[in-house]
There are 2 protein chains.
Amino acid sequence: MRRGRASLEFERPPVIESSASVVGQKEGEGPLGKAFDRVERDPMLGKKTWEEAESAMQEEACRLALEKGGIRPEEVRYLFAGDLLGQLIATSFGVADLEIPLFGLYGACSTIGEALSLSAMTVAAGYGERVLAVASSHFATAEKQFRFPLAYGNQRPYSATWTVTGSGAFAVSDRETFLEKRRETRKMGADRSAAEEGLAVITGVTVGKIADIGAKDSMNMGAAMAPAAYSTISRNFMDFQVDESHYDRIITGDLGEVGRTVLLDFMAAGGHDLSKVHMDCGMEIYDSSSQDTHAGGSGCGCSAVTLSACILEKVRSGEWKRVLFVPTGALLSPVSFNEGQSIPGIAHGVVIEHRSGKESQEG
Amino acid sequence: MRRGRASLEFERPPVIESSASVVGQKEGEGPLGKAFDRVERDPMLGKKTWEEAESAMQEEACRLALEKGGIRPEEVRYLFAGDLLGQLIATSFGVADLEIPLFGLYGACSTIGEALSLSAMTVAAGYGERVLAVASSHFATAEKQFRFPLAYGNQRPYSATWTVTGSGAFAVSDRETFLEKRRETRKMGADRSAAEEGLAVITGVTVGKIADIGAKDSMNMGAAMAPAAYSTISRNFMDFQVDESHYDRIITGDLGEVGRTVLLDFMAAGGHDLSKVHMDCGMEIYDSSSQDTHAGGSGCGCSAVTLSACILEKVRSGEWKRVLFVPTGALLSPVSFNEGQSIPGIAHGVVIEHRSGKESQEG
């Protein structure tokens, strides 16, 4: 079950039973726009502050993921959740009403990778039949916290990324619980589309460690995160004794164009050509030429909503049999940044595989 | 293994193999002063900023816990770590050099409870033979972030607590790994004192959920946290079908005098008299009459260093056979606070029990 130095392989891979993505208007206008479950036209979601809006979005994503799976909140044992804000306020105020025992997580933009890893570990160990993983980010809360007041209209260099307004939530369940719920929802005549196709299961994880090469430019987070992505992907290859040919896609979170270049260079130096299998959620979510988003999208929400809206569909359908999903985080803080510290990075790898619907029925 | 709604019971309880506490001068002058492993006279620990000092303290606690157990960093599979600061900077910069795959956690002052829970879950599931849990707080970083500049000399009401400057680290291992290490360190003639006495094992956990009764006074964190402590302790009683007589001590993290009163009242209303078994780390760590600390100590470090320096010794010696350790967290953020939001609380329960040294040898 333990593999190599940092990875785990699950004998009974947990199922990503259902998921949901809620995004803002800009994300809705991007290339993945139609794939998101809900596009919120009002960036305040009817609330008084940006932070409350992000909380509302996180709760909405959780409730929607549950609703899509026909799951009641009390059928979820634990919640693994986080966001970018100091003291995780989007989470604290977002998920309280669900009344699910909570593990608060911080992994910057890698948070959904950390949440899915711990979710899969918890379910595979039998500690819970079903858990929920959620992460969020909001352009306005992030700019306010990490950079400049929006009204200041600061110009952004081309290496900068645009924080995604979005939240992705994922119900992770053991196979029996999933099959039982499917039988139940079929009886009730609920929406079958997701239930009848194949499954996405989590077969392994590679937990990341902090990688700090001394990057100090908060307007170039891709460069700060690329070494962490390199570290985790390389470790995954070593721990599972595989290489890039093992995966249909290796999907980083929010490296953007600059970070992607750095990652591919680093991997090439290690003898791995990732150019054909690499995809970056930050480069998929916006049309950089028309949306003025420069190097791409970023934030906890970026990889979370892309996983829910785009990646899982391709895995469930079998178009992709196996992907390595590697959300990347830049551990930037306005305090440490203003004190002249570097920006360390971290990335967590989650191996997500296709299982056919038939197999799963026989299960 | 699952108990009730939120608790887990471990069939093979992980061992708290070794631990360490590093504190500041004020804590060193308090009632537990002699019990701490290291008292740092310089609040800056020779660094340029308070934040760097907290990072250094966290690394020191980790290295000391490893050293006391004769453990090399590469013998630790995963690290569960957190602190109070935005984006966990004490952790990011503190533990990077250990090069251990990291799960970053945020549970405010309940963080060491969250870290020990996930550590025990990880080891009991066989995901790692040994993991490390660490949390820290620093009076100066916390005041700067949550309240007023120190130089401002703001007066503090009697309901306020004093953030502990301290970090506690814990190596959590499976029994076989622990016994093997003990044989190894005995051969090498290492310090035997800890090895020859009994063991402290984690037999169960109760994961907390967010409790928000609308408390809005950042100078009265005890009142904000007490409902969370009440929720988790009540849940623990229900899940394990026990009451206060089951434990030699029920130990909250940092309720202080005000929070303790609220907790005892709440529990009494539920039919439980906690007055004889309750202890609060925040009320143990300072002498409130002579140290001007008002309601008591607080911060992630408060319960972590008290666990290491005081509680574990009594459990290992068998003076206490079973304790419920319940670090309490107030999810206060300067942003949400200034926006008029309440201060939600969360508390995680860890059941720590004595095992005799003889039993453990028979293994």
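Lettering of chains follows the sequences in order, A, B, ..., and the numbering in each one begins at 1. The figures that follow rest on heavy atoms only: side chains count, while hydrogens, waters and symmetry mates do not.
A heavy-atom distance below 4.5 Å is found between the side chains of A/Ile89 and B/Val335. The closest side-chain heavy-atom distance from A/Gln87 to B/Pro334 is below 4.5 Å. Counting only heavy atoms from C-beta outward, the side chains of A/Leu331 and B/Leu88 never approach each other to under 4.5 Å. Annotation: side chain of B/Met121 is not in contact with side chain of A/Met121 (no heavy-atom distance under 4.5 Å). The closest side-chain heavy-atom distance from A/Glu114 to B/Leu105 is below 4.5 Å.
Sparse packing is recorded around OH of A/Tyr230, with 12 or fewer heavy atoms of other residues, nucleotides or ligands lying under 6.0 Å away. Dense packing is recorded around CZ of A/Phe139, with more than 12 heavy atoms of other residues, nucleotides or ligands lying under 6.0 Å away.
With rounding to the nearest 0.5 angstrom, the OG1 atom of B/Thr122 is 8.5 Å from the CG atom of A/Leu8. The distance from atom CG of A/Leu332 to atom OG of B/Ser92, rounded to the nearest 0.5 Å, is 10.0 Å. Once rounded to the nearest 0.5 Å, the distance linking CG of A/Leu98 with CD1 of B/Ile210 reads 9.5 Å. Between atom CD of residue B/Glu129 and atom CZ of residue A/Arg2 there is a gap of 4.5 Å, rounded to the nearest 0.5 Å. The distance from atom CG of A/Leu118 to atom OH of B/Tyr78, rounded to the nearest 0.5 Å, is 10.0 Å.
Proximity to chain A (any heavy atom under 4.5 Å) is shown, for B/Ala6, by both the backbone and the side chain. The contact between B/Leu85 and chain A is made entirely by backbone atoms, counting heavy-atom distances below 4.5 Å. Using a 4.5 Å cut-off between heavy atoms, A/Phe146 touches chain B through its side chain atoms alone. For A/Ala211, no part lies near chain B; criterion is any non-hydrogen pair under 4.5 Å. At a 4.5 Å heavy-atom cutoff, the contact between B/Ser342 and chain A is made by backbone and side-chain atoms alike. For B/Arg5, the parts sitting under 4.5 Å from any heavy atom of chain A are the backbone and the side chain alike. Using a 4.5 Å cut-off between heavy atoms, B/Phe80 contacts chain A through its side chain alone, with no backbone atom that close. When heavy atoms are compared at a cutoff of 4.5 Å, B/Leu84 approaches chain A solely by way of its backbone atoms N, CA, C and O. With a 4.5 angstrom heavy-atom cutoff, B/Val76 touches chain A only via backbone atoms.
The residue among A/Gln145, A/Lys209, A/Arg77 with the most heavy atom pairs within less than 4.5 Å of chain B is A/Arg77. Between chain A and the options B/Ser117, B/Gly107, B/Gly126, the largest number of non-hydrogen pairs under 4.5 Å is found for B/Gly126. Options B/Val207, B/Ile100, B/Val95 differ in how many heavy-atom pairs under 4.5 Å they form with chain A, and the most are formed by B/Val207. Contacts with chain B were tallied for A/Arg235, A/Glu99, A/Gln341, A/His348; A/Gln341 has the most, counting heavy-atom pairs under 4.5 Å.
Exactly one residue among B/Lys48, B/Lys47, B/Lys144 makes a salt bridge (charged side-chain N to carboxylate O under 4.0 Å, His left out) with A/Glu339. That residue is B/Lys144.
Taking the six-membered ring where tryptophan is involved, the planes of A/Phe10 and B/Tyr127 are perpendicular, since the angle between them exceeds 60° and thus also 30°.
Closest heavy-atom contact between A/Ile346 and B/Leu102: CD1-O, 3.8 Å. Of all heavy-atom pairs spanning A/Ala125 and B/Met1, the tightest one is O-SD, 4.4 Å.
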